[in-house]
> 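To start, I am sharing the structure in question, which I have written as structure tokens.
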Amino acid sequence: MDIEKVNSMDFGEFVDVFGNVIERCPLIAAAVWSQRPFSDLEDLEKHFYAFIDALPPSGQEGILRCHPDLAGRELQQGTLTAESQREQSGAGLTSLGADERLRLEELNAQYRARFGFPFVLAARLSHRAAVPRELARRLHCSPAQELRIALGEVKKIARLRLADLLGVDPSRL
Ligand SMILES: NC(=O)N[C@H]1NC(=O)NC1=O
């Protein structure tokens with residue numbers, strides 16, 4: 001898909017296509033649509049990021065809370081979004097042994113108790129053994145530091161999802 005095609009989309013089509021670039025936050029795509037035309041794909045990406053950066057911390061935390069846990073209840077129940085399912089499966093999180101799943105569940109609960117939002121990590125850039133290590137490491141961050149790191153992960157996820165939708169190599173964005 002090229003940028004002319006993106007710029008020609010009406011509101012409904014744009015939100016249908018880009019509504020889950022930020023997990024379960026179609027409002028962000030709805031707001032980005034108003035900023036068209038986009039000069040190129042990078043410009044489109046920047047508008048998603050700028051919306052996130054302009055939110056107060058309560059809104060940024062809200063975005064994080066829209067994310068399902070990695071290897072959590074929604075994965076077990078089959079209620080993940082298609083994108084999240086693909087990402088978690090690609091990282092091997094859909095085929096954890098019972099011990100690994102329990103360990104991650106425990107760490108996810110500790111993280112949520114400490115920061116008040118779920119642990120977010122771009123699963124496609126990680127793998128099943130690295131996820132609990134990274135989670136345990138980030139548990140030691142300060143809340144302000146962790147909010148910044150987690151939003152950085154949301155942006156990495158968005159970049160990969162945009163690249164998929166536009167059929168480009170993510171390094172080109
Ligand atoms: N909790 C969390 O990081 N979830 C996300 N990560 C990812 O790559 N896809 C998701 O849904």
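Atoms within a ligand are numbered from 1 in the order they appear, just like the ligands themselves.
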> Have a look at ligand 1 and work out which part of Pro68, if any, has a heavy atom under 4.0 Å from it: side chain, backbone, both or neither.
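Answer for Pro68: both.
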
> Nearest protein heavy-atom contact for atom 3 (O) of ligand 1: which residue, which atom, what distance?
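Result for atom 3 (O) of ligand 1: Leu121 N, 2.8 Å.
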
> Can you classify the ring geometry of Trp33 versus Phe11 as parallel (below 30°), tilted (30 to 60°) or perpendicular (above 60°)?
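Ring orientation of Trp33 relative to Phe11: perpendicular.
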
> Quick one: does Ala122 get within less than 4.0 Å of ligand 1, heavy atoms only?
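So Ala122 counts as touching ligand 1.
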
> For residues 55-62, which side-chain N or O atoms pair as donor and acceptor with protein atoms under 3.5 Å away, sequence neighbours left out?
residue : atom : partner : partner atom : Å
Gln60   : NE2  : Ile52   : O            : 3.0
Gln60   : NE2  : Leu55   : O            : 3.4
Glu61   : OE1  : Arg65   : NH2          : 3.2

> Short list, please: which atoms of ligand 1 are under 4.0 Å from a heavy atom of Phe119?
1 (N), 2 (C), 3 (O)

> Between Glu134 and Val131, is there a donor-acceptor pair closer than 3.5 Å when you use the side chain of the first and the backbone of the second?
no

> Can you report which non-hydrogen protein atom sits closest to atom 10 (C) of ligand 1, along with the distance?
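Here the closest protein heavy atom is Ser84 OG, 3.5 Å.
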
> Where on Ile157 is there a heavy atom closer than 4.0 Å to ligand 1, on the side chain, on the backbone, on both, or on neither?
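Contact part for Ile157 vs ligand 1: side chain (C-beta onward).
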
> Answer with side chain, backbone, both or neither: which part of Ala123 has a heavy atom less than 4.0 angstrom from an atom of ligand 1?
both

> Does the distance from a Lys or Arg side-chain N to an Asp or Glu carboxylate O, for Glu153 and Lys156, drop under 4.0 Å?
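Salt bridge present between Glu153 and Lys156.
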
> Could you go through the side-chain contact (heavy atoms from CB on, under 4.5 Å) check for Phe115 and Leu64 one step at a time?
CA-CA 11 Å; Phe115 297 111; Leu64 297 174; over 6 Å; no

> Among protein heavy atoms, which sits nearest to atom 9 (N) of ligand 1, and what does the distance come to when rounded to 0.1 Å?
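So the nearest neighbour among protein heavy atoms is Glu87 OE1, 2.6 Å.
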
> When you measure from the side chain of Glu105 to the backbone N and O of Gly72, does any donor-acceptor pair fall under 3.5 Å?
no

> Any idea which atoms of ligand 1 are less than 4.0 Å away from a heavy-atom of Val120?
1 (N), 2 (C), 3 (O)

> For Asn108 and Leu70, indicate whether the former's side chain and the latter's backbone hold a donor-acceptor pair under 3.5 Å.
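Confirmed, Asn108 side chain pairs with Leu70 backbone.
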
